[in-house]
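Remarks on the structure that follows.
Note that ligands are numbered from 1 as they come in the structure, with each ligand's atoms numbered from 1 the same way. Quick note: numbers below take in every heavy atom, side chains included, and nothing from hydrogens, waters or symmetry partners.
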Amino acid sequence: MKIAIMGCGTVGTGVYEIIKNTPEMLLKGAHGEEIGVKYILDIKSFDDPAKEALRITDLNLILNDPEVGVVVESMGGLKPAFSFCMQCLNAGKSVVTSNKLLVAEKGEELFAAAKEHNAAFRFGAAVCGGVPVIRTMFYGLAANEITGFAGILNGTSNFILTKMIREKMSNAAALELAQKNGYAEKDPTDDIEGFDAARKTAILASIVSGRHIYPNEVHTEGITAISSEDVEYVSGVNAKIKLLGRGEKQPGGQIYVCVSPAVIGADDMISSVEGVYNALKVYGSNIGQIMLYGPGAGKDATASAVVADVIDCVRVPGFDTAYCWENAVENAVLPYEAYETSLYVRGYANDKKRAVAAIRERFDDVCFLTRANAPENELAFITDKRPERELRAALEELDGFAAANVIRKI
Ligand code: HSE
């Protein structure tokens with residue numbers, strides 16, 4: 001079967017190279033069907049003459065070519081990726097994408113078109129890059145009710161937090177290093193403000209709830225407020241701060257979805273995930289819990305997941321009712337403040353003795369934290385577990401104490 005690649009930047013080039021360089025491996029995976037790249041749709045020309053020979057700029061060549069069965073979308077963004085993917089699905093072509101924004105924002109429409117035209121629509125590379133989390137949730141855990149997940153879904157922010165924990169770097173210096181190493185985007189907002197993780201969390205939450213959950217339904221906080229002081233305080237109780245994307249089915253049928261920094265005990269295996277690596281814990285009714293770990297970005301890792309999806313499309317063509325979710329419904333998401341949690345709180349009080357007494361009065365089993373050389377007026381503590389709304393209200397009411405940072409503790 002012939003494939004076309006739309007957008008040949010880092011990921012597209014990785015896909016092209018795997019298909020070109022390992023044809024026997026693909027042949028075996030696709031049950032003897034040869035897989036070859038026929039077109040590369042890109043407005044930019046390539047230095048590599050072999051790639052340039054395949055380059056086209058007119059989508060119609062792909063749409064009207066019956067030899068092309070699978071189209072890889074690795075353009076990124078929504079425009080024109082969404083329209084191009086819809087046209088491919090409407091023409092009966094299977095579509096494989098690595099584009100998390102596209103899936104998170106337009107999954108409903110893309111599934112509908114795929115279903116109508118009996119085409120496959122796959123997006124294994126959209127979450128955790130090369131780590132096969134999506135196929136594991138759809139297929140590998142098919143005998144489970146998936147009840148929730150918790151994941152380190154953004155490598156850049158995990159790199160920054162790792163440097164803050166391991167090398168006592170400041171948040172700003174660690175970000176600068178991430179940019180220097182080419183991990184963070186030039187504009188790192190999506191990475192450090194949690195928006196990238198929120199798109200991935202929305203996709204995972206859609207799989208768990210069986211209904212489309214949009215990124216704007218995911219309560220999202222990034223890592224910009226995390227300071228060296230916070231890192232130091234929690235390390236005193238053998239814990240670490242990680243940016244987690246979480247989803248948890250609720251008894252009433254809603255789902256809790258949240259991207260935020262979280263204080264995690266060192267005995268939780270996800271706390272040992274360091275640097276740019278990603279990891280996802282999935283909770284299932286029969287399996288208990290599993291954790292998948294590996295490279296969440298990069299040319300070869302991401303292309304590995306894309307090509308695996310291409311092989312699936314060649315081997316089992318057509319729409320797969322096991323690899324999709326239903327349209328969104330209203331009130332699918334639990335208001336995040338209704339979810340029970342503990343909070344780590346750091347702040348300042350001029351009259352520390354009075355503030356400690358007030359904190360003890362408002363919170364049960366409060367645990368005060370210490371760090372070396374803390375200023376006289378600094379206080380940090382961990383609250384009891386209650387709906388977040390109640391904890392925040394109690395914090396507001398604390399007389400003579402001003403919170404500087406609040407992080408959920410799990
Ligand atoms: N910027 C993303 C990250 C790339 O740092 O994880 C992969 O989606």
Legend entry - Distance under 6.0 Å and angle within 45° of ring axis: Arg122 vs Tyr323: yes

Inset, instruction - Give the residue, atom name and distance (to 0.1 Å) of the protein heavy atom nearest atom 3 (C) of ligand 1. - result: Asn154 ND2, 3.3 Å

Inset, instruction - Tell me, with the steps shown, if Arg199 and Glu105 meet salt bridge (charged side-chain N to carboxylate O under 4.0 Å, His left out). - result: CA-CA 8 Å; Arg199 288 170 199 136; Glu105 294 292 352; 5.7 Å; no

Legend entry - Main-chain N/O of Gly318 paired with Asn118 side-chain donor or acceptor, under 3.5 Å: no

Legend entry - Protein heavy atom at shortest distance from atom 5 (O) of ligand 1: Thr156 OG1, 2.6 Å

Inset, instruction - Report, in ascending order of atom number, the atoms of ligand 1 lying under 4.0 Å from any heavy atom of Lys200. - result: 6 (O), 7 (C), 8 (O)

Legend entry - Per-atom contacts of ligand 1 with Gly296, taking only distances under 4.0 Å to non-hydrogen atoms: 7 (C)

Inset, instruction - Identify, for atom 8 (O) of ligand 1, the protein heavy atom at the shortest distance, and state residue, atom and that distance. - result: Lys100 NZ, 2.5 Å

Legend entry - Six-ring centre of Tyr344, Lys409 cation under 6.0 angstrom, axis tolerance 45°: no

Inset, instruction - Quick one: look at Asp191 and ligand 1, take heavy-atom pairs under 4.0 Å, and tell me if it's side chain, backbone, both or neither. - result: side chain

Inset, instruction - Flag the pair Arg392 / Val406 as yes when at least one side-chain heavy-atom distance between them is below 4.5 Å, and no otherwise. - result: yes

Inset, instruction - Around atom 6 (O) of ligand 1, find the nearest protein heavy atom and jot down its residue, atom name and distance. - result: Gly155 N, 2.8 Å

Inset, instruction - Measure from the side-chain N and O atoms of Asn377 to the backbone N and O of Ala349, and report whether any donor-acceptor pair falls under 3.5 Å. - result: no

